[in-house]
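Here's the structure, in structure tokens; my notes come after.
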2 protein chains.
Amino acid sequence: MSRADTKERILDAAERLFGAEGFHNTSLRGLTSAAGVNLAAVNYHFGSKEALLEAVFERRLVPLNRVRRERLEAVREAARRDRVLPGAADVLRAFIEPTLHFCKMEPGAESFLPLVGRALAEPDDTIRKIFLRHMEPLFLLLYETLCEALPRLSRTQIFWRLHFTIGAMGHTMCMNGRFKILPPGVETPSDAAFLTQVLLDYIVAGMEAPCA
Amino acid sequence: MSRADTKERILDAAERLFGAEGFHNTSLRGLTSAAGVNLAAVNYHFGSKEALLEAVFERRLVPLNRVRRERLEAVREAARRDRVLPGAADVLRAFIEPTLHFCKMEPGAESFLPLVGRALAEPDDTIRKIFLRHMEPLFLLLYETLCEALPRLSRTQIFWRLHFTIGAMGHTMCMNGRFKILPPGVETPSDAAFLTQVLLDYIVAGMEAPCA
DNA sequence: GTCTATAGATTGATAGAC
DNA sequence: GTCTATCAATCTATAGAC
């Protein structure tokens with residue numbers, strides 16, 4: 001290695017560019033040039049462009065999902081101990097808070113959010129699969145925990161509502177700092193803690209809504 | 001023209017492929033081959049790949065947005081006449097119902113939904129701009145109408161909640177019939193009327209939620 | 001590990017015959 | 001309007017010198 005770890009430099013640039021310009025719209029030439037490394041370095045260190053994408057997801061999602069899983073399990077355990085149902089607000093906060101916290105603490109990780117938001121809407125199955133391989137078990141745990149928290153609702157209802165929730169989160173991550181125009185009267189671009197609270201107010205109410 | 005309007009055949013194939021595989025991941029060769037027309041036809045009829053995307057959006061969004069605008073104005077007008085505030089549920093239904101109705105009536109238009117959902121998450125500014133040029137005035141009308149309907153909330157709160165709502169809708173459109181695996185106990189893949197109601201229950205509750 | 005040079009395939013777009 | 005043939009640019013990936 002010459003400068004501060006070539007592999008990390010590539011991962012950082014890939015995370016940013018794949019999220020900001022899209023996977024297929026990012027060339028290895030532009031990527032290696034932005035990272036300040038040689039064109040051949042991607043294939044030397046990762047094997048292919050697709051394997052690089054996989055490494056980008058893995059670097060963030062493995063530690064992040066461990067924290068989210070722990071917090072979800074903690075909510076379940078606390079409810080079991082107190083012999084009450086888990087609260088939908090606690091469940092959803094356990095999933096969401098680590099996401100924004102993680103991406104604020106890890107330097108450079110804030111550009112990971114748009115990539116995740118984008119992966120959720122990705123039509124290319126190859127890319128979706130790489131992302132979902134990491135997320136699917138956790139989505140399933142979240143889903144089952146919400147079913148415990150909301151026994152009044154059918155599993156089908158909860159499935160769709162979780163789907164809407166993921167869409168709301170994903171879209172918010174996509175737009176992370178990308179708003180061009182704000183309607184008059186809208187002040188704050190995005191304070192993480194404020195945004196988390198506004199999002200939680202919304203999705204908790206949506207999840208707990210009565211059926212028409 | 002030789003067979004049933006070449007231009008329409010290209011538009012149909014583009015709508016489907018841009019939504020299913022992404023704009024940058026769709027080649028003109030694959031597109032014209034799927035449409036059963038000659039490779040050069042795209043550039044002859046539309047000028048460029050990007051101009052074709054613009055035409056795809058225009059064909060659907062111009063008539064659809066006219067209906068959505070009329071229904072939004074009707075809700076406002078009815079509220080003004082009765083000297084009451086417009087109801088958030090009526091406002092949101094006025095926006096959502098025409099979307100699904102339109103795409104069920106117009107033959108082939110159901111493949112337009114994934115394209116719209118995808119455009120919302122699109123990182124490429126060129127593509128986003130084409131889409132938003134048609135949507136932005138309508139989003140603004142929807143936003144202002146929601147501000148009338150929910151005077152208890154700040155404009156900032158409503159802005160973000162509308163943002164979540166659009167995310168939930170967009171993600172649902174993206175996934176239109178693309179679910180690979182459903183958790184056990186989830187029955188219905190997607191009946192349009194049922195899905196609209198489940199979505200409305202969710203977003204109306206989210207919009208009207210109290211602030212923490 | 002890093003670099004240059006390049007292979008090999010694919011892309012959007014166009015010129016010109018019909 | 002439709003077609004074939006092709007250009008010029010770009011892409012991912014790799015071989016081989018250092």
Side-chain angles (χ1 to χ4, degrees), chain A residues 1-57 59 115 118 122-130, chain B residues 1-59 115 118-119 122-130:
Chain A
M1 55 191 154
S2 57
R3 289 145 307 197
D5 211 7
T6 297
K7 227 170 156 176
E8 291 291 318
R9 294 169 66 89
I10 293 174
L11 285 170
D12 290 341
E15 183 169 77
R16 186 168 57 82
L17 289 173
F18 288 165
E21 321 212 343
F23 179 75
H24 289 111
N25 201 27
T26 301
S27 70
L28 290 184
R29 279 175 171 75
L31 198 157
T32 49
S33 155
V37 303
N38 188 270
L39 168 61
V42 166
N43 279 281
Y44 175 79
H45 285 285
F46 298 95
S48 72
K49 187 185 178 184
E50 205 170 291
L52 168 59
L53 177 66
E54 201 154 354
V56 169
F57 278 128
R59 175 172 69 152
L115 177 59
R118 179 154 183 66
E122 179 62 51
D124 186 335
D125 265 351
T126 315
I127 299 179
R128 270 184 63 80
K129 267 180 194 158
I130 293 174
Chain B
M1 53 190 155
S2 57
R3 288 145 308 194
D5 210 6
T6 298
K7 227 170 155 175
E8 290 291 317
R9 294 170 65 89
I10 293 175
L11 284 171
D12 289 341
E15 182 169 77
R16 185 168 57 83
L17 288 173
F18 289 165
E21 321 211 344
F23 179 75
H24 292 294
N25 200 28
T26 300
S27 71
L28 289 183
R29 281 172 174 77
L31 197 158
T32 50
S33 155
V37 303
N38 188 271
L39 168 61
V42 167
N43 279 280
Y44 175 80
H45 285 284
F46 298 95
S48 72
K49 187 185 180 187
E50 204 171 290
L52 169 59
L53 177 66
E54 201 155 355
V56 168
F57 278 127
E58 183 162 347
R59 175 172 68 151
L115 177 59
R118 179 155 183 63
E122 181 61 50
D124 186 335
D125 265 351
T126 315
I127 299 180
R128 270 184 62 81
K129 267 180 193 157
I130 293 174

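Throughout, protein chains are lettered first and strands after them, A, B, ... in sequence-line order, and every chain is numbered starting at 1.
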Contact under 4.0 Å: A/Thr6 side-chain N or O vs C/dT2 OP1/OP2: yes
Heavy atoms within less than 4.0 Å of DNA chain C: which residues of residues 42-56 of chain B have one? Give them sorted by number. B/Asn43, B/Ser48, B/Lys49
A/Lys7 atom NZ is separated from C/dT2 atom P, nearest whole Å, by 11 Å
When we call it a touch if two heavy atoms are under 4.0 Å apart, what does B/Thr26 touch: a base, just sugar-phosphate, or nothing? sugar-phosphate
Evaluation steps, side chain to side chain contact (heavy atoms under 4.5 Å, CB included), between A/Phe18 and A/Leu53: CA-CA 8 Å; A/Phe18 288 165; A/Leu53 177 66; 3.6 Å; yes
Rounded off to whole Å, could you give me the NE2-to-C1' distance for the B/His24 and D/dT10 pair? 14 Å
With a 4.0 Å cutoff (strictly under), does any side-chain N or O of B/Asn38 reach OP1 or OP2 of D/dT4? yes
Rounded to whole Å, CZ of A/Phe23 lies from P of D/dC11 at a distance of 13 Å
For residues B/Leu52 and B/Asn43, determine if any side-chain heavy atom of one lies less than 4.5 Å from a side-chain heavy atom of the other. no
Can B/His24 and A/Phe23 be said to form a side chain to side chain contact (heavy atoms under 4.5 Å, CB included), step by step? CA-CA 9 Å; B/His24 292 294; A/Phe23 179 75; over 6 Å; no
Test your reading of the model: is there a side-chain donor-acceptor pair from B/Arg118 to the backbone of B/Gly19, 3.5 Å cut-off? no
A/Leu28 CG to C/dA9 P: how many Å, rounded? 18 Å
Under the side-chain contact (heavy atoms from CB on, under 4.5 Å) test against A/Leu17, which residue among A/Val56, A/Thr26, A/Asp12, A/Asn25 passes? A/Thr26
B/Val42 vs B/Lys49 side-chain heavy atoms within contact, under 4.5 Å: no
Round to a whole Å and report the spacing from CG of A/Leu31 to P of D/dC11. 12 Å
Round to a whole Å and report the spacing from CG of B/Leu39 to C1' of D/dC7. 13 Å
Taking only side-chain nitrogens and oxygens of B/Ser27, does any of them come within less than 4.0 Å of OP1 or OP2 of C/dT10? no
